[in-house]
Amino acid sequence: MRRVDEAVREVLGDAVAHDLKDPRVGFVTVTEVRTSADLRQARVFVSVFGTDEEKAATLEGLASAHGILQTRIARELRMKHTPALQFLLDDTAEKAAKLEALIEHVTEDGA
């Protein structure tokens, strides 16, 4: 499953960067893909640079480009089933930055 997830992530990353012309889709990085065991569903985690409004617009743009992206996966990976894509925000970087700031604050107070 990891190989399938990684292959789908690579194809989607390339497609988002080069094929999509939707102005709503801003600076996006496909960070992770998790496909279901039957390969019918794929949760696609994306990191988006921008405000909350820009992030929401980017998710809408990605959802509207679902067919284009799914067709690209089908063409390049030749899977038995092409998964339906669900796009979700990956907020790992934001959480890491907050945690780092907290650690730095505690370290400064303790020093």
Side-chain angles (χ1 to χ4, degrees):
M1 287 306 293
R2 279 190 231 149
R3 282 189 275 162
V4 171
D5 291 347
E6 184 62 24
V8 172
R9 187 192 66 76
E10 287 179 19
V11 170
L12 286 176
D14 185 60
V16 167
H18 298 105
D19 296 348
L20 297 186
K21 306 296 182 217
D22 191 326
R24 296 175 292 180
V25 178
F27 186 71
V28 178
T29 302
V30 179
T31 57
E32 184 179 3
V33 174
R34 294 183 195 155
T35 53
S36 62
D38 63 0
L39 300 178
R40 295 193 185 270
Q41 300 287 326
R43 294 187 328 208
V44 181
F45 294 89
V46 294
S47 176
V48 180
F49 183 74
T51 65
D52 288 341
E53 293 81 21
E54 291 169 331
K55 291 176 182 180
T58 296
L59 287 178
E60 289 174 14
L62 290 171
S64 71
H66 176 270
I68 294 167
L69 298 171
Q70 198 167 0
T71 299
R72 176 97 183 255
I73 291 170
R75 186 177 68 234
E76 291 194 22
L77 300 181
R78 301 177 194 260
M79 300 166 65
K80 184 175 182 178
H81 299 286
T82 304
L85 306 174
Q86 176 187 14
F87 293 95
L88 304 165
L89 281 178
D90 182 357
D91 59 354
T92 304
E94 291 172 9
K95 288 180 181 178
K98 287 179 184 177
L99 184 59
E100 190 173 311
L102 283 172
I103 291 170
E104 187 174 310
H105 178 72
V106 170
T107 305
E108 288 175 358
D109 288 347

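No side-chain donor-acceptor contact under 3.5 Å links Ser47 to the backbone of Thr29. Asp19 places no side-chain N or O within donor-acceptor distance of the main-chain N or O of Asp14, the cut-off being under 3.5 Å.
Under the 4.5 Å side-chain heavy-atom criterion for ILVMFWY residues, no single connected hydrophobic cluster contains both Val4 and Phe45. Each of Phe27 and Leu89 belongs to its own hydrophobic cluster when Ile, Leu, Val, Met, Phe, Trp and Tyr are linked at side-chain heavy-atom distances under 4.5 angstrom.
Between Met79 and Pro83, the closest heavy-atom pair is CE-CD, 4.0 Å. Contact detail for Phe87 and Val46: the closest heavy-atom pair is CD2-CG1, 4.3 Å. Nearest heavy-atom pair, Asp22 versus Gly61, reported as atom, atom and distance to 0.1 Å: OD2-CA, 3.6 Å. Glu54 and Phe49 make their closest contact through OE1-O, 4.4 Å (heavy atoms, listed as atom of the first residue, atom of the second, distance). Between Arg72 and Val11, the shortest heavy-atom distance links the atoms CG-CG1, 3.6 Å. Contact between Leu62 and Val16 at its shortest, heavy atoms only, is CD2-CG2, 3.9 Å.
Atoms CD and OG1, on Glu76 and Thr71 in that order, are 11.5 Å from each other to the nearest 0.5 Å. Going from atom CD1 of Ile103 over to atom NZ of Lys98 covers 14.5 Å, rounded to the nearest 0.5 Å. With rounding to the nearest 0.5 angstrom, the CD1 atom of Ile68 is 12.5 Å from the CD1 atom of Ile73. Here the straight-line distance linking atom NZ of Lys55 with atom CG of Asp91 works out to 8.0 Å at 0.5 Å rounding.
With sequence neighbours excluded, no residue satisfies side chain to side chain donor-acceptor pair (under 3.5 Å) with Glu60.
Residues Met1 and Leu39 form a side-chain contact, since some pair of their non-hydrogen atoms from C-beta on lies under 4.5 Å apart. Proximity of Leu85 to Leu69: side-chain heavy atoms (C-beta onward) are separated by under 4.5 Å at one or more points.
Sorted by first then second residue, the side chain to side chain donor-acceptor pair (under 3.5 Å) pairs that include residues 78-88, not counting sequence neighbours, are Arg40-His81.
Here Arg3 does not pair with Glu6 in a salt bridge; the nearest charged N to carboxylate O distance is not below 4.0 Å.
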